[in-house]
Amino acid sequence: MTEAVPAASATREPWQDPGSPVAERVADLLARMTPEEKAGQLAGFWAMPAEPGEPVAPMEDDSNETAPSLDEVVDRGLGQLTRVFGTSPVPAAEGAARLRELQRLVAAGNRFGIPAIAHEECLNGFMTWGATVFPSPPAWGASFDAGLVGEMAAAIGSSMRAAGVHQGLAPVLDVVRDARWGRTEECIGEDPYLVGVLGTAYVKAMERSGIVTTLKHFAGYSASRAGRNMAPAPMGPREFADIVLEPFVMALRDGGARSVMHSYTDVDGMPAAADERLLTGLLRDELGFTGLVVADYFGISFLETRHRVAGSRGEAGALALRAGIDVELPTVRCYGEPLLELVRSGAVPEELLDRAAGRVLAMKAELGLLDGPPRREDADGDGAALDFDPPAHRALARRLAEESVVLLSNDGVLPLRSGDGVVVTGPLAEDPFGMMGCYTFPSHVGRQHPELPLGVDIPAVADALRDELPGVRVAGSKDVLVADDADIEAAVAAARDAQVCVLVLGDRAGLFGRGTSGEGCDVETLALPGRQAELAHAVLDTGTPTVIVMLTGRPYAIEGIADRAAAVVQAFFPGEEGGRAVAGVLAGRVDPSGRMPISVPRRASGPPVTYLRAPMDGGHDWSTVDPVPLYPFGHGLTWTTFEYGDLEVGERAATDGTVTVSAVVRNTGDRAGTEVAQLYLSDPVASVVRPARWLAGWARVRLEPGAAARVAFEVHADRTSFTGPDLRRIVEPGVVEVAVGRSSADLPLAGSFTLEGPVRELGTDRVLTVPVEVTPL
């Protein structure tokens, strides 16, 4: 290793001066660097677990080749350290010490003394052993609560910052297009506005905490053909712009995200990792993004090995660099010597190397990583004092879980009055893994270490319901797939002897086929996994009133089950407090206020169901296939009833003006409750085919019995905009229809307003949101 420049020398070079403009510091440093040192800033390194002071071994890359060791790469400098906490179970103090040691080695190994950016996964919380497991993104969507999602992100960011982490690989802003896709569990929902608002709330809070957020996956990943992971995405530029891109626009412009990760997929034959039009022309030139573009893991290598648009590692690296990817993750493969050979030969301009390295160094300057070693008290902080699952975070996880539980149907059996005569059974009744998605530490890593505890307390539904209602009897099943007749027979026997049966069904998340949901766990149909449908019908055949509880990463087709059940409750991997949240709803302690962020299909073998579809994509008499969902987007019940009335709509506005749409919501029941009042817009005549309706705004309204409130939406004409015939984003004059109500299919109030004036072309400064105000009456 080469000797590092002393950071505390008497005279500081311009690049070391934190008081100088970032651009000047970066320019000075780049001028001093060799091509090899510049390339070093573009590389990640994924270290295998080791005790501090032990030799550092690299994780093998995706081709099962041995990756370069730290000694082999560190003398050039290093861009990023990959998942020091999130690769194996490590106590907080040990992980912090290990990260400090790795940073010391990185800084000491290069002649400028520059450490690396440390990144971790953080979709469901800081993905490390012992950290709070928060609800999954579909649960965020079900909450319709941007403020609470922001509180969660701030909590996650505080833990990561305390651990010495700089960058988080979240949020996922992919809009669900086909729930058969295994990574549906990582997505907020099927509506781009819902995804954008909640995703932006996450980004704002995480960035305020000092953590660089990374928007995933740019762009089109969730639209892959037949819901198959990494398959091509068959969509045109209009769908791409109006649905896929919208959440990213919001999170970049309003959220201030400083990093973007490319998508694995190709759109119309162009892999995102090699798409200069996407990663430079659109992302930077049009949207004004100035931060880091990082590779999804092994995504640059895939240009050679999977997409086959490159014939070698060097060619793959050159394509990605030219397209605009600044950092290769998780470890260096293409951006090392293969790319440098092309730079030395002149086949790749060194200016492209400078461009990417400059962006990395600018980010390091923002993070204070060019300012010399940290103060001793910061570098050697008391790691033993770190607590990644403090009571405040657990309480926050519980609040979000409670708001995310959706009551889909109820014939009056819920809430349960007591535990007497209640039996809880089913494959997930006693399984804590029913609370956690693929990108939680226990599911992602912990299951490879069965000798260790989960790291956090995660009560299952059965345990939590016994706490809520003493007397509840439990007859659990041993396997999520209900593998044999004995499981079904035991559940049937338990239900037959009960007054009420709570049957807990769903998913167990895993990676690449090791689960029923998660990355690489795509499905051909939306039938319940394994023999769970058979189990449900057998239990229902007993005649005992049965409450179906779904703990899943995606919606499943439950027609024939739902209409026989006494009630159906849906929870999307609700996190470490999810069992208590579900039990709280079942027992009536919690007011169910969740709403479906994704439509529930009727038939498992039917077409993909999303409410955001063209008129001819709905049911009509020229097709025998009916895509109408069993439960629509936005649907959810409460313990009380709400009435909508007194709709007021401004009559007209200019194509650059604003219209107020308001309605009164009244609690007509005898219990307090929370309604999610939803506003939808429709364009009855447009120059291109538009969705039948789209979500324009919502408000969570908490009302006591008999109380009422007026909910007012300020709708700017820009929120009616779309990509027109010539692919420019425009606002057209004409009638716009409005509807207000309980879900995308239950809209008791309807009206319209007229936009007047010329067709207006929009820029990047267009209005993206609809402010809403709730006034008690």
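Every heavy atom of this structure was used, including side-chain atoms; hydrogens, water molecules and symmetry mates were not. Positions are given from 1, in the same order as the sequence printed here. Just so you know, these numbers come straight off a predicted model, no measurement behind them.
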(message) So which atom in Ala460 and which in Ala429 form the shortest heavy-atom distance, rounded to 0.1 Å?
(response) CB-O, 3.5 Å
(request) Quick one: which residue pairs count as a side chain to side chain donor-acceptor pair (under 3.5 Å) with a foot in residues 193-202, not counting sequence neighbours? (result) none
(request) Decide whether Ser158 and Ser209 meet the rule of one side-chain donor and one side-chain acceptor closer than 3.5 Å. (result) no
(message) Less than 4.5 Å apart, side chain to side chain, heavy atoms only: is that true for Leu695 and Tyr611?
(response) yes
(message) Between Ser136 and Glu185, is the side chain to side chain donor-acceptor pair (under 3.5 Å) condition met? List the steps.
(response) CA-CA 7 Å; Ser136 65; Glu185 64 165 62; over 6 Å; no
(message) Is the shortest side-chain heavy-atom distance between Arg399 and Glu151 below 4.5 Å?
(response) yes
(request) Report the C-alpha separation of Val736 and Leu755 in whole Å, then their side-chain angles, then the decisive distance to 0.1 Å, and conclude whether the side chain to side chain contact (heavy atoms under 4.5 Å, CB included) test is met. (result) CA-CA 7 Å; Val736 177; Leu755 293 177; 4.1 Å; yes
(message) According to side chain to side chain donor-acceptor pair (under 3.5 Å), does anything in residues 548-557 pair up with another residue at least two apart or in another chain? List the pairs.
(response) Asp507-Tyr556, Thr552-Gln570, Arg554-Tyr556
(request) For Arg702, enumerate each residue passing the salt bridge (Lys or Arg N to Asp or Glu O under 4.0 Å) test, keeping only those at least two apart in sequence or located in another chain. (result) Asp591
(message) Test of understanding: with salt bridge (Lys or Arg N to Asp or Glu O under 4.0 Å), list the residues that count as partners of Glu761, not counting sequence neighbours.
(response) Arg728
(request) Determine the minimum heavy-atom distance between Asp617 and Pro627, stating which atoms define it. (result) O-CG, 3.3 Å
(request) Please determine, by modelled atom types, if Thr775 and Arg710 share a side-chain donor-acceptor pair under 3.5 angstrom. (result) no
(message) Under a 4.0 Å threshold between the charged nitrogen and the carboxylate oxygen, would Arg742 count as salt-bridged to Asp746?
(response) yes
(request) State, yes or no, whether a side-chain contact exists between Val424 and Val504 at a heavy-atom distance under 4.5 Å. (result) yes
(message) Using a 3.5 Å distance criterion without hydrogens, assess whether the side chain of Arg238 forms a donor-acceptor pair with backbone atoms of Gly724.
(response) yes
(request) Write out all pairs satisfying side chain to side chain donor-acceptor pair (under 3.5 Å) with one or both partners inside residues 627-640, taking only residues at least two apart or from two chains. (result) Thr640-Asn667
(request) Verify the distance criterion only: is there a donor paired with an acceptor across the side chains of Gln499 and Thr544 at less than 3.5 Å? (result) no
(request) For the pair Trp694 (side chain) and Leu612 (backbone), establish whether a donor and an acceptor sit closer than 3.5 Å, ignoring hydrogens and angles. (result) no
(message) Using the ring centroid of each side chain, check whether Trp181 and Tyr221 are separated by less than 6.0 Å.
(response) yes
(request) Flag the pair Val649 / Val659 as yes when at least one side-chain heavy-atom distance between them is below 4.5 Å, and no otherwise. (result) yes
(message) With a 4.0 Å cut-off on N to O distance, would you call Glu402 and Arg589 a salt bridge?
(response) yes
(message) Checking Glu675 against Tyr644: is there a side-chain donor and acceptor pair closer than 3.5 Å?
(response) yes
(message) Strictly distance-based, threshold 3.5 Å: is any side-chain N or O of Gln678 a donor or acceptor partner for the main-chain N or O of Val676?
(response) yes
(message) Salt bridge or not between Arg580 and Glu468? Use side-chain N to carboxylate O under 4.0 Å.
(response) no
(message) Within the 4.5 Å heavy-atom criterion, are Val461 and Leu428 side-chain neighbours or not?
(response) no
(request) Measure the shortest side-chain to side-chain distance between Trp698 and Val197 over non-hydrogen atoms and say whether it is less than 4.5 angstrom. (result) yes
(message) So Val413 and Val500, do their side chains get closer than 4.5 Å, heavy atoms only?
(response) yes
(message) Main chain of Glu559, side chain of Arg603: is a donor-acceptor contact present, judged purely on distance under 3.5 Å?
(response) no
(message) Just so I know, are the side chains of Leu747 and Val740 near enough to count as touching, which here means a heavy-atom distance under 4.5 Å?
(response) no
(request) Compute whether any side-chain donor of one residue and acceptor of the other, for Glu714 and Thr660, lie under 3.5 angstrom apart. (result) yes
(request) Could you tell me whether Glu576 and Arg398 have a side-chain N and a carboxylate O separated by less than 4.0 Å? (result) no
(message) Within the 3.5 Å criterion, strictly below it, is a donor on Ser593 or Arg700 matched to an acceptor on the partner's side chain?
(response) yes
(message) Looking only at side-chain N and O atoms, does Arg760 offer a donor or acceptor that is under 3.5 Å from a partner on Thr655?
(response) no
(request) Give a yes or no on whether Asp670 atom CG has more than 12 heavy-atom contacts from other residues, nucleotides or ligands under 6.0 Å away. (result) no
(request) Determine, step by step, whether Ser687 and Glu732 satisfy the side chain to side chain donor-acceptor pair (under 3.5 Å) criterion, reporting the C-alpha distance in whole Å, the side-chain angles of both residues, the deciding distance to 0.1 Å, and the verdict. (result) CA-CA 8 Å; Ser687 56; Glu732 285 187 337; 2.4 Å; yes
(message) Whether Lys204 and Asp254 form a salt bridge (side-chain N of Lys/Arg under 4.0 Å from carboxylate O of Asp/Glu) is what I want to check.
(response) no
(request) Report the residues that fulfil salt bridge (Lys or Arg N to Asp or Glu O under 4.0 Å) with Arg719, sequence neighbours left out, ordered by chain and then residue number. (result) none
